[in-house]
Amino acid sequence: MKTLQSVILVLCVGISYSHICLISPRQRGTMDISMPGSPTCTRHAEPCGGQAIETPKVAYLAGETAFFKWQQNLNHYESGYPGYMDIGVATTENSTEFTTLAVVTDKYVHRQDYQQNFTAIIKIPSIMCEHCVIRMRYNAHKPGETTFLQCADVKISLGSKSDNDLIFSPVHEESSSDRQKLLPLKRALRLRKYHHNLKSGESVADGAMKLYGIAYNPFEPGRSHYISIDTMTGQTEMVNAFKFGIDSPVSGSSQSEMFLLDEVLSIDYGRNTTNFLVHESGSRDDVAKQLYVVGTYNGSLVEYSDLFQFSGGAINALSWYTYGTSAAFRIQPAEKANSWYFEVGMIVDGAYKMGARIPDPEGLYVNFQWFETDVNNYHRTYALMGNENAPDELNSRIYIFDLYDSDFSKFIKYTELDVSKYTFMSIHSYPGSDELYAFSPGLWFDEPHSWYLVAVDPMSGAVTKKCDIAPAGIFQRHYGGSVNQGFSNNDGYLYHVLRVEGSDADIIVKIQPGTCQMSFSEPTNLRHIHSLQMPAM
Ligand SMILES: *[C@@H]1O[C@H](CO)[C@@H](O)[C@H](O)[C@H]1NC(C)=O
Ligand SMILES: *[C@@H]1O[C@H](CO)[C@@H](O)[C@H](O)[C@H]1NC(C)=O
Ligand SMILES: *[C@@H]1O[C@H](CO)[C@@H](O)[C@H](O)[C@H]1NC(C)=O
Ligand SMILES: *[C@@H]1O[C@H](CO)[C@@H](O)[C@H](O)[C@H]1NC(C)=O
């Protein structure tokens, strides 16, 4: 039985879903981009995905500006260690020496089932070749995903210019749908008014709380802003500026600038500081290992250190543990091929200290989704891990660790969650509750879909509806919008950001899990805000 199980796991990883197709210049071999997970976008053999060399069908002028287009056919963003897509050129048909022309960092879209076209305008280098090869790669940096490769055969004839600029313009999913755009927004405003009126009779002092986050514009890759967001008006205000961006979106080489890791943070409620991980230098294949401690309310750098006692495996997530201490989660390769240990540890005084890991390495539930400390029992941490081969069913498990003291910390168990009615990408601990809470748009397949708050029992795996948040036809089925540590505030609300269907408007919802009392902010736009957090008040 044991042997059979491990054979099945290896097979599943082997089958793994697919990721990249080169549209223009057209890739070698067949191409079908009509569906996510197309086998024609799943090619791993070096150097060109195992496709036979073809006669060049496209010619470029050296130094000319050319239009390249590709499709990410599924997304495999790895929290804490984002991957990249790059384009290179080799000067003969059999060469394996590729010169990089463009690099695009992977994007956190909070889901795997995601087809996205990318276009780039690239200056062709000043070379001449009867038969050059353009190679597209997607290195997702994700456990179980080896690099995806496609090549196209082209000719380059001599020109003059040697510049190598890149303009990056992803085609947004939203822009393609221009169906009845205003209707969902109108409904959202009616919903807001309804809940507002319900409350007006009560004496609840509804003071505006502030969320904090990082505003980032990929066209200014070298900086970002620490900002606050008023949870009633939705207004944002700049608190501080950082001289680095998030996940370094674009550059001409595989060396990348300094960048902060999206969604990897913990707030120290004892000190009013927020910990971020920063990649300071080196290649994109080097993991981030600088810890930046900034004031949660002022965004100023308070402390900075290299993580020491650190073996170099990427940290996927942080979560506050106790005063001065964060819990950390990592996925570490095991001796056995295609399997990984899930490990929790602590960051104390800038050093990483391993706590506990799962006893048997895992090969299938390797899709990291969320990491949370139990606020009622500061022994426990929960890691939400998705099944790598269920990008739509979103089968997931909670791995439970006791991190009481690193000398006594241990793995407790994992629980398979019942996702037959509700799916989600984050889980939130809440004062006074043994259950975790999650914001859920129901099932991936539900069309139209409503929004709910659900209770997740980490011990049994039961997932039950707690509150109805919004009926169908108002908010997008978007799996982002989670607020880190959104529990610890006087008013007892949990916070989440919802995207209005067919519109650029976002609405912050807050809800009390006990009473289902909720309210909605004025419409705002937070699409450019990352790493949302709720400080203690
Ligand atoms: C490339 O490799 C093929 C197959 O090995 C061979 O037939 C061809 O001559 C090679 N071309 C060059 C330019 O070396
Ligand atoms: C990507 O572009 C192709 C044409 O090159 C188009 O047929 C397809 O619908 C586009 N896909 C998306 C997701 O925009
Ligand atoms: C943290 O901030 C809260 C709210 O502003 C304040 O009450 C508390 O005294 C602060 N703690 C420290 C250690 O500065
Ligand atoms: C920013 O906030 C932190 C944490 O509360 C504090 O230690 C630091 O002194 C503050 N810095 C400035 C410049 O106000």
Side-chain angles (χ1 to χ4, degrees), residues 17-27 30-38 40-41 57-58 66-75 85 87 104 107 109 111-121 134 136 138 150 152 168-179 207-212 214 225-228 230-231 237-243 265-276 291-305 320 322-326 349-350 391-392 476-478 485-491 502 533-537:
Y17 289 89
S18 49
H19 321 299
I20 203 139
C21 264
L22 180 55
I23 300 171
S24 178
R26 195 184 179 288
Q27 69 188 39
T30 50
M31 182 176 80
D32 173 8
I33 52 168
S34 61
M35 296 282 287
S38 164
T40 64
C41 307
K57 292 182 199 79
V58 185
F67 174 76
F68 285 66
K69 182 171 182 178
W70 67 95
Q71 178 171 106
Q72 188 180 54
N73 189 244
L74 275 183
N75 175 281
M85 297 169 274
I87 296 176
V104 175
K107 232 174 84 169
V109 297
R111 62 190 224 219
Q112 288 197 72
D113 188 340
Y114 186 75
Q115 284 171 283
Q116 162 98 321
N117 287 344
F118 288 83
T119 54
I121 296 165
I134 300 288
M136 174 94 231
Y138 178 20
Q150 301 287 0
F168 165 53
S169 61
V171 179
H172 287 294
E173 185 184 45
E174 291 85 27
S175 65
S176 65
S177 66
D178 50 357
R179 62 208 142 99
M209 306 277 288
K210 277 181 175 165
L211 297 178
Y212 289 80
I214 300 174
H225 294 115
Y226 190 77
I227 56 134
S228 70
D230 184 297
T231 57
E237 203 174 313
M238 186 179 109
V239 179
N240 200 6
F242 293 153
K243 289 200 184 81
L265 70 135
S266 61
I267 313 158
D268 188 328
Y269 287 151
R271 292 175 163 180
N272 292 335
T273 52
T274 300
N275 302 297
F276 291 107
L291 186 69
Y292 274 60
V293 180
V294 305
T296 304
Y297 299 110
N298 60 28
S300 304
L301 188 63
V302 175
E303 253 170 54
Y304 151 91
S305 64
W320 187 44
T322 55
Y323 187 86
T325 311
S326 291
D349 298 328
D392 298 343
Q476 283 182 34
R477 190 183 48 208
H478 168 63
Q485 293 179 216
F487 48 78
S488 188
N489 46 74
N490 291 336
D491 63 8
Q533 48 167 309
M534 169 56 83
M537 289 284 183

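All residue numbers in this chain count up from 1 along the given sequence. As the structure is a computational prediction, the values presented were derived from the model and not from experiment. Ligands are counted one by one from 1 in listed order, and the atoms in each one are counted from 1 as well.
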| task | Would you mind running through ligand 4 and noting each atom that sits below 4.0 Å from a heavy atom of R271? | result |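 Near R271, meaning under 4.0 Å from one of its heavy atoms, ligand 4 has 4 (C), 5 (O).
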
| request: Answer side chain, backbone, both or neither: which part of Q116 comes under 4.0 Å from ligand 2, heavy atoms only. | output: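 The answer is neither; Q116 stays 4.0 Å or more away.
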
[options]: member with heavy atom nearest to [atom]:
atom                    : options                : answer
atom 2 (O) of ligand 2  : N117, N73, T119        : N117
atom 1 (C) of ligand 3  : D268, N272, T273       : N272
atom 12 (C) of ligand 4 : V293, N298, L301, V302 : N298

| field | Of M209, Q485, K210, the residue whose pairing with M534 passes side chain to side chain contact (heavy atoms under 4.5 Å, CB included) | value |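 Filter result, single survivor: M209.
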
| For P36, which of D392, D113, N75 qualifies under side chain to side chain contact (heavy atoms under 4.5 Å, CB included)? |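 Going through D392, D113, N75 one by one, the side chain to side chain contact (heavy atoms under 4.5 Å, CB included) with P36 is satisfied by D113 alone.
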
| request: Could you list which atoms of ligand 3 come closer than 4.0 Å to a heavy atom of G270? | output: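 Contacts of ligand 3 toward G270, numbered from 1: 13 (C).
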
Which atoms from ligand 2 have a heavy atom of [X] less than 4.0 Å away?
X    : value
I23  : 5 (O)
Q115 : 13 (C)
Q71  : 11 (N)

| field | ligand 2 to K69 polar contact by distance, N or O atoms, under 3.5 Å | value |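 K69 vs ligand 2: N/O contact under 3.5 Å present.
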
| F276: ring pair (Phe, Tyr, Trp, His ring centres under 6.0 Å) partners, not counting sequence neighbours |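 So F276 forms no ring pair (Phe, Tyr, Trp, His ring centres under 6.0 Å) with any residue.
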
| request: Rounded to the nearest 0.5 Å, what's the gap from CD1 on I214 to OH on Y226? Could you check? | output: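 Answer rounded to 0.5 Å: 7.5 Å.
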
| said: So, taking the atom named OG in S38 and the one named CD1 in I33, what distance separates them when rounded to the nearest 0.5 Å? | reply: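 So the gap between those two atoms works out to 9.0 Å.
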
| Distance only, no hydrogens: is a donor on one side chain within 3.5 Å (strictly under) of an acceptor on the other, for N117 and Q71? |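 Looking only at side-chain atoms, Q71 and N117 do form a donor-acceptor pair, the distance falling under 3.5 Å.
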
| With no hydrogens and no angle check, do the side chains of T296 and N272 hold a donor and an acceptor under 3.5 Å apart? |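 Side chains of T296 and N272: no pair found under 3.5 Å.
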
| Mind checking whether Y297 has a heavy atom under 4.0 Å from ligand 3? |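 Yes, Y297 has heavy atoms under 4.0 Å from ligand 3.
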
| request: List the closest protein heavy-atom neighbour of atom 13 (C) of ligand 4: residue, atom name, distance to the nearest 0.1 Å. | output: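 Checking every protein heavy atom, the shortest distance to atom 13 (C) of ligand 4 gives S300 OG, 3.7 Å.
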
| task | With side-chain contact (heavy atoms from CB on, under 4.5 Å) as the test, would you mind laying out the steps for Y212 and I267 before giving the verdict? | result | CA-CA 11 Å; Y212 289 80; I267 313 158; over 6 Å; no

